[in-house]
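Heads up, the thing below is written out as C-alpha cells.
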Amino acid sequence: MDNKIFTAEREYARADMFFTERAGLTRSAVKKLIEGGNALVNGAPAKAGQAVKAGDVAELFIPEPQPIAAKAEDIPIDVVYEDDDIAVVNKAQGMTVHAGNGNTDGTLVNALLFRLNSLSGINGEIRPGIVHRIDKDTSGLLVVAKNDRAHLSLSEQIKEKTCRREYLALLEGALKEERGTIVTQIGRDPKNRLQMAVMPAGKGRRAETDFFAEEHFLHNTLVRFSLKTGRTHQIRVHAKFMGHPVVGDPTYGYKKQRFDLAGQLLHACRLELTHPATGERMSFSAPLPDYFERVLEILRAREKV
C-alpha cells in the first residue's frame, strides 16, 4: 500500500479538495479512498466535507493494484494509438473484451497483456486496463489505461460525459425521424436475466442516447449514435425500443435476417477524450469493417432512397 503524507500549508474548505490537489488524483477517486477509510487528518479518519486547517497533517493510503492473473496471448489486435498512459484499440467483431461466463482465453485483455508493456490494475486480475467495454459482436474503438492514474482520469471523463463515443449502426426499417434523443431506464430483463430491457419509471438506470440518420434505404437506415451514458447493450436496447433493431443483432433483432452476418452491424467509429497526462483533447476514428461496408454497397446499389 502506498502511504502519502501531506502537511497543509493553508486552509481548505473540504478535505476531498485538499487530497485532490495534493495527491494529483481525481475528486471521485479521492472520495472512494475517503469512504473506504483510507484517509486521515491528524490521525483521525477523514470526512470528505471537513475543513483542513493550515498545519494539519493528512495521510492518504492508496491500495496496491490487484495482481493480474489473466495470461498473455499472441493475438493480433489493431492498436491505433499508444503512449505511456493510454492505448486506443480498434476491436474486431467476435472478440470478447475480458473474461467472463467461462470465457477465459482469446479475449482483448489476453491480447493486451501480450502487446502492451503495462496495464492499470484498478479493475483487478480479470479486467486490467479496461475502462469501458463494447459488446463481443460490436466492433470499433475503445481506450485502454496503462496505469492507474490514467484509469481514474478516463473513468471520471466517462462519468462526467466528457469522453465522447459515437457509433454507426444499420437499423431495420425506414427511420422517420432525422435526429433525436432517447431517454429511458435500462435494467435486467425480468423475463431473461441475460438480456437488458427498457424498464418502467423508478426501475433500472437512466440511459440517454442521441441519434442522427446518416443514410436512408428502402428497408433500412444507417444511423449515428452518440452515447450520453454507458449502460450494458444501451444502443441495441434503444434501437429495439425505437422499433428499429440493429441489423444482425441475434439478441434484440429480428429472428429472420436478410444478410448472412456473424453479429450486429454496430461499430464504435469515433472516440474523443482528454489525455490523462497532457490535458490534450484527442480524437480517434475507425473505418467501418469490410463486412459492414459490403452490406451498405448492396443497399446503395439496390435500395437507395
Side-chain angles (χ1 to χ4, degrees), residues 75-98 106-116 118-120 123 127-147 150-151 153-170 207-212 214 222-236 238-239 246 248-249 262-278 280-293 295-296:
I75 304 170
I77 53 173
D78 181 12
V79 178
V80 300
Y81 176 83
E82 182 186 358
D83 60 26
D84 291 339
D85 299 287
I86 66 172
V88 177
V89 179
N90 182 16
K91 187 189 80 68
Q93 185 185 62
M95 175 177 275
T96 302
V97 170
H98 60 74
T107 71
L108 179 63
V109 164
N110 298 121
L112 291 171
L113 287 170
F114 184 89
R115 173 67 172 76
L116 305 183
S118 64
L119 288 170
S120 70
N123 272 341
R127 296 181 292 169
I130 302 303
V131 181
H132 65 111
R133 296 176 294 171
I134 54 179
D135 299 335
K136 175 183 177 183
D137 290 328
T138 298
S139 59
L141 298 170
L142 74 163
V143 62
V144 175
K146 296 183 67 177
N147 55 64
H151 195 125
S153 172
L154 293 168
S155 296
E156 183 75 2
Q157 290 180 50
I158 290 174
K159 178 182 176 182
E160 297 299 324
K161 305 176 184 178
T162 58
C163 178
R164 185 175 180 84
R165 293 169 287 165
E166 292 185 359
Y167 293 71
L168 283 171
L170 186 66
E208 182 177 351
T209 312
D210 291 339
F211 68 90
F212 172 78
E214 293 238 334
L222 181 65
V223 176
R224 182 178 296 268
F225 289 97
S226 179
L227 286 179
K228 299 299 183 184
T229 55
R231 309 302 173 218
T232 302
H233 299 176
Q234 180 171 320
I235 291 175
R236 299 163 66 192
H238 274 173
V246 179
D249 191 332
Q264 59 268 7
L265 293 184
L266 178 60
H267 178 69
C269 61
R270 186 167 179 269
L271 176 66
E272 186 177 315
L273 55 87
T274 300
H275 193 279
T278 67
E280 177 189 358
R281 195 66 181 167
M282 308 180 77
S283 180
F284 305 92
S285 60
L288 290 174
D290 290 343
Y291 59 86
F292 200 144
E293 282 288 4
V295 173
L296 292 179

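What's counted below: heavy atoms across the whole structure, side chains too, no hydrogens, waters or symmetry copies.
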Please assess H132 against L154 for the test side-chain contact (heavy atoms from CB on, under 4.5 Å), listing each intermediate value before the final yes or no.
-> CA-CA 9 Å; H132 65 111; L154 293 168; over 6 Å; no

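- Within 6.0 Å of the CZ atom in R270, the count of heavy atoms belonging to other residues, nucleotides or ligands exceeds 12.
- Each of N147, L112, I130 was evaluated against L119; a single residue qualifies, L112, per the side chain to side chain contact (heavy atoms under 4.5 Å, CB included) test.
- Among all heavy-atom pairs drawn from K228 and D210, the shortest one is CE-OD2, 2.7 Å.
- Within the model, atoms CD of E208 and OG of S226 stand 9.5 Å from one another, a figure rounded to the nearest 0.5 Å.
- Between the OH atom of Y291 and the CD atom of Q93 there is a distance of 3.5 Å, given to the nearest 0.5 Å.
- In this structure the side chain of H151 reaches within 4.5 angstrom of the side chain of V131, judged on heavy atoms.
- The two residues V79 and A87 come nearest to each other via the heavy atoms CG1-CB, 4.5 Å.
- Taken to the nearest 0.5 Å, the CZ atom of R115 stands 15.5 Å off from the CG atom of N110.
- Side-chain contact between D83 and H275 is present, with heavy atoms from C-beta onward closer than 4.5 Å.
- R164 places none of its side-chain heavy atoms less than 4.5 Å from the side chain of S283.
- For the pair D84 and K146, the salt-bridge criterion is not met [side-chain N within less than 4.0 Å of a carboxylate O].
- Contact annotation: the side chain of C163 approaches that of L271 to within less than 4.5 Å [non-hydrogen atoms, C-beta and beyond].
- The main-chain N or O of T274 is found under 3.5 Å from a side-chain atom of Q157 such that the two form a donor-acceptor pair.
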Stepwise side-chain contact (heavy atoms from CB on, under 4.5 Å) test for Y81 and I86 | CA-CA 8 Å; Y81 176 83; I86 66 172; 3.9 Å; yes

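- Residues V144 and E82 are not in side-chain contact: their nearest non-hydrogen atoms beyond the backbone lie 4.5 Å or more apart.
- Under the 4.5 Å side-chain criterion, counting only non-hydrogen atoms from C-beta, F225 is not in contact with H238.
- We find the CZ-CD1 distance between F114 and I77 to be 10.0 Å, quoted to the nearest 0.5 Å.
- Closest non-hydrogen pair, I75 versus G106, comes out as CD1-CA, 3.5 Å.
- When every heavy atom of K91 is checked against every heavy atom of T138, the shortest pair comes out as NZ-O, 2.9 Å.
- In this structure, H267 contributes its side chain and A286 its backbone to a donor-acceptor pair below 3.5 Å.
- Distance CD/Q234 to CG/L227: 5.0 Å, rounded to 0.5 Å.
- Shortest non-hydrogen contact noted between A169 and L266 is CB-CD1, 3.6 Å.
- Y167 has its side chain out of reach of T209: every pair of non-hydrogen atoms, C-beta onward, lies at least 4.5 Å apart.
- A150 approaches A145 most closely through the heavy-atom pair C-CB, 4.1 Å.
- With sequence neighbours excluded, the residues that form a side-chain hydrogen bond (donor to acceptor under 3.5 Å, both in side chains) with D135 are R236.
- Under the 4.5 Å side-chain criterion, counting only non-hydrogen atoms from C-beta, F211 is not in contact with I235.
- Summarising the geometry, atom CZ belonging to R127 is positioned 12.5 Å from atom OG1 belonging to T107; distances are rounded to the nearest 0.5 Å.
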